[in-house]
Structures are given as C-alpha cells and as structure tokens.
2 protein chains.
Amino acid sequence: MDAFEALADPTRRQVLDLLSRRERTAGELGRGFPSVSQPGMSRHLRVLREAGLVRVRRERSYRIYSIRSDGLAGVDAWMRKYREFWKQELDSLERYLDGSGLSTAESRRTRRHR
Amino acid sequence: MDAFEALADPTRRQVLDLLSRRERTAGELGRGFPSVSQPGMSRHLRVLREAGLVRVRRERSYRIYSIRSDGLAGVDAWMRKYREFWKQELDSLERYLDGSGLSTAESRRTRRHR
DNA sequence: GACTGATATAATGACATAGTTATATGGTTG
DNA sequence: CAACCATATAACTATGTCATTATATCAGTC
C-alpha cells in the first residue's frame, strides 16, 4: 500500500497527527482510539510502516512508533505542482481587490489572511 | 468520497496531473488512458468532482473539466504541519555538514538541492 | 521455565471500490 | 424529429479494505 492509499484512512491520519507531537508506543496509540481493537491498530501501524510514513524501534517490551518524513515528503512533492493553483487564485483575488475601492494595504492584509 | 480517498487512486492523480497543465474535456481525458473504459473514466471524474478536486462546465456538447483548488488546498493544509519534519531533517543534515570538512558554501548548496 | 504483558499475525465476514457491458440522457445536425 | 456524438448512469462482478475474534510471538519477571 503506497503513501496515498495509507493516508486515505482517517484513523491513520489521526495516528500521524498524534505522532507529529511525539513518538508513542503501539499501546498508547491503540488506547487513543477506543473504537479500534488492538489488532486493528496493529494493522494500521503496519500499513503506515510499509508505506514509509512511520518507523518503529523496540525498547524493552514496547514498540515505539515515530514519524518518518520520507513518505510524506513524496506526497508533498506531488502536491507541490498544485500549490501555485491556490496562490494563483489569491493573486486574482488581489488584482480584483486592487481594482475595487479597497486600499492596497487592505488588499495585502486580505491576501495574507486568506 | 473525500479528497484523501480520491487521491488514493493513481489514475485519478494522473488525471489531475493532466488537468494541471490545462483544462480538458471528458473525452480527451478518457483517450489519455486507453486502459480505462469511457464509463470508467466518467466514474473517476465524478469522484474527483464530488471530492471538490475538479469542476465541470458544459460547452456545446462537451463537459470541460478543470482543477478546483479547494479540495487540494485542504489536503495541503493537513500536510502543512508535517512539512517542518523534513525541514528539521535538512537542518540536522546541514549541522552535520557544517561540522564536517565541507565549506559552508557547499553545505548550503547541498541543503538547497535536497 | 511457566506466567504475564505488549504486540503482531491468521482467519473470516461485511462492505466498498473499480472495472466491465449495456443503456440512458442530452445537445447537435441534417 | 431522426441519427449522431459526447458523456453519464445502471447493473453486475471481482477484488480489496477494515474490523473482529482467536491465536501466536516475544521480552521481561517470578
């Protein structure tokens, strides 16, 4: 399962959100999702691992999971070429605002905020 | 189907790649993927549309599809909080290189290129 | 070395997805 | 308005995904 498929599941995205703050054991992650059984979480973690989105290391009897940027960097790279699209839309918003009654300062503020 | 699920399919990502260059009719998009039947492509386009990733307009008897940044901007926003992860890794690479035999100029070049 | 705690794998079932063929819709043209 | 072209929807099938229960693995402890 590739990174895009792995990210399609909301639970897995939430797991990454938790890991983005700090690394956690499999058990901690599992307890964070009462709606998911222990084997269910284990499977999600496996998917994330095989997609290159997380890494594991063993410590005592625990498995400690943490974010691995490789996979996400790949997704980010794919998205890069689209980023200009909303930048473009902001630009045309700016042009529109510049043409209207707003001052340029106000336009810039508007742009910065959205 | 949300934007993340829509992006999980490689064909749909390729469709977006085509549309990132210029808008196209459903037929043009279909012909771009000989491995996908006409109804198959129509379905993919529907998924992309309902996920907010593309928009359609009618012109003559054609349906013209184009990128709609809303959906992708949402995905990008989710990814934003991870971007610092590889930036961080680049920073530690830089620190490592600065500490090694490389000149600072070489380190900066390395950093900029990856 | 048996027992326990932490985690992974196996087996299975319900449901979703993507592809296929057949058919419908809707605008365009003679 | 009949025939045609572009595209969408329906019905169906194959395959995949996710969740569940039961079981295995494996390290640490008594």
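Throughout, protein chains are lettered first and strands after them, A, B, ... in sequence-line order, and every chain is numbered starting at 1.
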- prompt: If you pin A:E5 and B:R49 to their nearest nucleotides in DNA chain D, which one's is more 5'?
  reply: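 Of the two residues, B:R49 wins.
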task: Compare side-chain N and O positions of B:Y65 against OP1 and OP2 of D:dA6 and report whether any pair is under 4.0 Å apart.
output: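 Answer no for this pair, as no side-chain N or O of B:Y65 is under 4.0 Å from OP1 or OP2.
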task: Determine: side-chain N/O of A:H44 to OP1/OP2 of D:dA19, distance under 4.0 Å, yes or no.
output: yes
- prompt: Among all residues two or more places apart in sequence or in another chain, which pass the salt bridge (Lys or Arg N to Asp or Glu O under 4.0 Å) test with A:D9?
  reply: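 Once residues adjacent in sequence are excluded, A:D9 has no partner under the salt bridge (Lys or Arg N to Asp or Glu O under 4.0 Å) criterion.
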message: Run the ring-ring contact (aromatic ring centres under 6.0 Å, His included) test against B:Y62 and tell me which residues pass, sequence neighbours left out.
response: none
- request: Answer yes or no for A:R13 and B:F4: cation-pi contact, defined as NZ/CZ to six-membered ring centre under 6.0 Å and angle to ring axis within 45°.
  value: yes
For [X] and [N], give me the distance from atom [atom1] to atom [atom2], rounded to whole Å.
X     : N      : atom1 : atom2 : result
A:R46 : D:dA24 : CZ    : C1'   : 14 Å
A:L48 : C:dA8  : CG    : P     : 12 Å
B:E50 : C:dT17 : CD    : C1'   : 14 Å
B:D9  : D:dT15 : CG    : P     : 17 Å
B:L45 : D:dT9  : CG    : C1'   : 14 Å

field: With sequence neighbours excluded, residues passing side chain to side chain donor-acceptor pair (under 3.5 Å) with B:R31
entry: none
Sequence-distant partners of A:R57, side chain to side chain donor-acceptor pair (under 3.5 Å), two or more places apart: A:E23, A:E59
field: Contact pattern, 5' to 3', of nucleotides 20-30 of chain C - B, S or - by protein heavy atom under 4.0 Å
entry: BBB----SSS-
- request: Determine the minimum heavy-atom distance between B:A3 and B:V75, stating which atoms define it.
  value: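 Result for this residue pair: CB-CG2, 3.8 Å.
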For the student: nearest non-hydrogen atoms of A:L53 and A:L72, plus distance: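 It is CD2-N, 3.5 Å.
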- request: Give a yes or no on whether a salt bridge exists between B:R83 and B:D76, defined as a side-chain N under 4.0 angstrom from a carboxylate O.
  value: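 Yes, B:R83 and B:D76 are salt-bridged.
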task: With the side chain of A:Y62 defined as its heavy atoms from C-beta on, choose the nearest nucleotide among D:dA8, D:dT7, C:dT7.
output: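 Taking heavy atoms from C-beta onward, the closest nucleotide is C:dT7.
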- request: Please name the residue in the list A:R55, A:R49, A:E28 that meets the side-chain contact (heavy atoms from CB on, under 4.5 Å) test with A:Y65.
  value: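 The passing option is A:R49.
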- request: Strictly below 4.0 Å, heavy-atom distances to any atom of DNA chain D: list the hits from residues 18-31 of chain B, or just say none.
  value: B:T25, B:A26, B:G27
- prompt: Just checking A:F33: base, sugar-phosphate only, or nothing, at a heavy-atom cut-off of under 4.0 Å?
  reply: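 Nothing, no heavy atom under 4.0 Å.
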- request: Scan A:M1 against the nucleic acid and name what it touches under 4.0 Å (heavy atoms): base, sugar-phosphate only, or nothing.
  value: sugar-phosphate
